[in-house]
Amino acid sequence: MTKQDATQTLVILGASGDLTARLLLPGLGALLAAGDAPPVTLVGAGTDEWDAERWRERVATAFGEHGKAKRAAETLDRTRYVRADVTQPDDLRRLLDGADGAISIFFALPPAVTVKACEALLDVGLPEGTRLVLEKPFGTSASSAASLNRLLTRLAPEERIHRVDHFLGKSTVLNILGLRFANRIFEPLLGSEHVESVDIVFDEELALEGRAGYYDKAGALADMIQSHLLQILALLTMEAPLSLDPQVFRDGIAEALRAVRLWGGDPKASSVRARYAGYAGEAGVDPARQTETLAEIVLAVDNWRWAGVPFRLRSGKALGTGRKEAVILFKEPPRIPDGFRGPDQPDRLRISFGPDRLALDFDINGPGDPFVLDPVTLEAEFGPGELPPYGEVLRGVFEDDPLLSVRGDVAEQCWRIVEPVQAAWRAGEVPLLEYPVGSSGPQD
Ligand SMILES: O=C1O[C@H](COP(=O)(O)O)[C@@H](O)[C@H](O)[C@H]1O
């Protein structure tokens with residue numbers, strides 16, 4: 001039997017939630033249609049009173065056209081929904097009874113419920129080889145992440161624990177590795193000798209999209225910066241790994257993040273928080289909570305290569321322009337020969353996360369007068385990856401390959417980095433600014 005023929009059971013805890021419908025099931029559908037997918041038995045567990053037909057319809061809608069592919073159609077035929085309280089061992093036992101082949105349990109749950117479900121699983125006892133797949137946010141602080149890590153290691157070894165960061169399944173994000181480590185031309189320039197600053201920006205036009213229940217408790221800092229943007233920062237700053245072996249590669253990520261601190265150590269000078277006008281009145285929002293919908297922090301990567309280079313990480317919702325890119329701004333040349341005239345645009349490498357594109361901005365002698373400088377841009381399109389990010393994440397899970405999942409110590413590091421900012425915000429040391437919907441964010 002080949003690896004592709006080995007049956008898998010995917011149990012989704014939190015199956016009636018938004019994440020399952022919006023991202024997880026479409027990702028599964030795409031993976032099942034991709035050709036080399038294993039047969040997957042899908043079990044959905046949630047608190048809603050759904051019958052089998054309602055669940056099947058939900059899965060079929062999320063699969064869309066992919067549902068016609070052989071593997072996806074088989075999954076649709078076999079899928080079942082179980083109404084369950086996933087914090088109760090007896091309910092969990094019922095879910096796992098009769099599971100085929102290797103089991104993956106996906107926790108699409110809020111952090112507090114995830115902890116309770118893991119505690120209940122200790123009572124159940126898991127079949128050998130079970131994988132645990134955990135959505136972000138992984139804990140709510142460095143210490144809660146550490147205690148969740150301790151709990152998880154009582155259930156499964158680290159290599160079977162997949163902490164999901166779907167940005168690590170995005171082809172452009174992964175292309176940072178190819179760009180840096182499969183070419184000679186960029187890597188020698190990446191460091192404090194040549195780089196002035198780095199911006200990692202994920203500005204969205206989207207607002208809450210009916211996700212207030214989750215988002216209002218998380219806020220932009222935890223939703224985007226503590227997780228996704230720090231992973232991008234790690235990929236941009238890590239040293240060349242010896243290989244893409246998960247242990248080696250994730251050691252590199254961990255080492256990069258261990259060097260990260262708040263720029264200047266002062267959250268008042270190095271962070272901005274804001275929310276869009278009208279947010280407090282939206283359905284499901286608790287105005288007393290002071291949740292930010294835009295966060296910005298400046299970080300230092302305090303190691304030999306990057307010391308002195310500020311990294312600005314920013315993400316916001318309901319903005320006028322969806323700007324999603326990492327921009328590496330290079331220093332001015334030491335001297336431009338006398339006699340050159342014209343525009344002097346900064347040299348920049350822009351890695352865009354949607355549309356997936358790479359652009360290099362620099363100056364050359366343009367047409368006409370040879371001593372007049374013209375700005376030019378070299379662009380390359382990446383094209384989409386074979387699978388959407390959640391499809392890529394699930395492929396890693398089914399293949400027992402934790403390469404694209406966040407290791408336990410890394411999750412703790414990411415909280416360690418943002419905690420001084422969270423503490424200063426909670427203490428009211430940094431004002432909560434407001435910005436109009438559709439604007440470019442708070443004005444200075
Ligand atoms: O995880 C999240 O990511 C999305 C942005 O990622 P995308 O792949 O959908 O572009 C963000 O909108 C959401 O708030 C956050 O939870």
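Each ligand, and each atom within it, is numbered from 1 in the order the structure gives.
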Discussion item. Test of understanding: with salt bridge (Lys or Arg N to Asp or Glu O under 4.0 Å), list the residues that count as partners of Arg395, not counting sequence neighbours.
Written reply: Asp36, Glu386, Glu392

Fill in: Closest to atom 8 (O) of ligand 1 among Lys324, Lys317, Lys170, Met224 (heavy-atom distance)
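Among Lys324, Lys317, Lys170, Met224, the closest heavy atom to atom 8 (O) of ligand 1 comes from Lys170.
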
Item to complete: Determine, considering heavy atoms only, which of Arg211, Glu204, Arg22 sits nearest to atom 4 (C) of ligand 1.
Response: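 Answer by nearest heavy atom: Glu204.
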
Practice prompt. Give the atoms of ligand 1, by number and element, whose distance to some non-hydrogen atom of Phe167 is under 4.0 Å.
Written response: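 Under 4.0 Å from Phe167, ligand 1 has these atoms: 6 (O).
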
Item to complete: Please confirm whether Glu209 comes under 4.0 Å of ligand 1, counting heavy atoms of the residue only.
Response: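 No.
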
Looking only at protein heavy atoms, which one is nearest to [atom], and how far off is it?
| atom | answer |
| --- | --- |
| atom 1 (O) of ligand 1 | Lys136 NZ, 2.6 Å |
| atom 14 (O) of ligand 1 | Asp223 OD2, 2.7 Å |
| atom 9 (O) of ligand 1 | His166 NE2, 4.2 Å |

Worksheet item: Would the Phe202 and Phe167 ring centres measure less than 6.0 Å apart?
Response: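 Yes, the ring of Phe202 comes within the 6.0 Å limit of the ring of Phe167, centre to centre.
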
Worksheet item: Which atom names give the shortest non-hydrogen contact between Arg250 and Val410, and what distance separates them?
Response: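 Heavy-atom minimum between the residues: O-CG2, 4.5 Å.
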
Worksheet item: With Trp425, which residues qualify under ring pair (Phe, Tyr, Trp, His ring centres under 6.0 Å), at least two apart?
Response: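 In terms of ring pair (Phe, Tyr, Trp, His ring centres under 6.0 Å), with neighbours along the sequence ignored, Trp425 is linked to no residue.
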
Discussion item. Can you confirm whether Glu57 sits close enough to Trp50 that some side-chain heavy atom of one is under 4.5 Å from a side-chain heavy atom of the other?
Written reply: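 Heavy-atom side-chain distance check fails, nothing below 4.5 Å.
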
Worksheet item: Does any non-hydrogen side-chain atom of Phe138 lie less than 4.5 Å from one of Leu152?
Response: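 SC-SC contact between Leu152 and Phe138 confirmed.
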
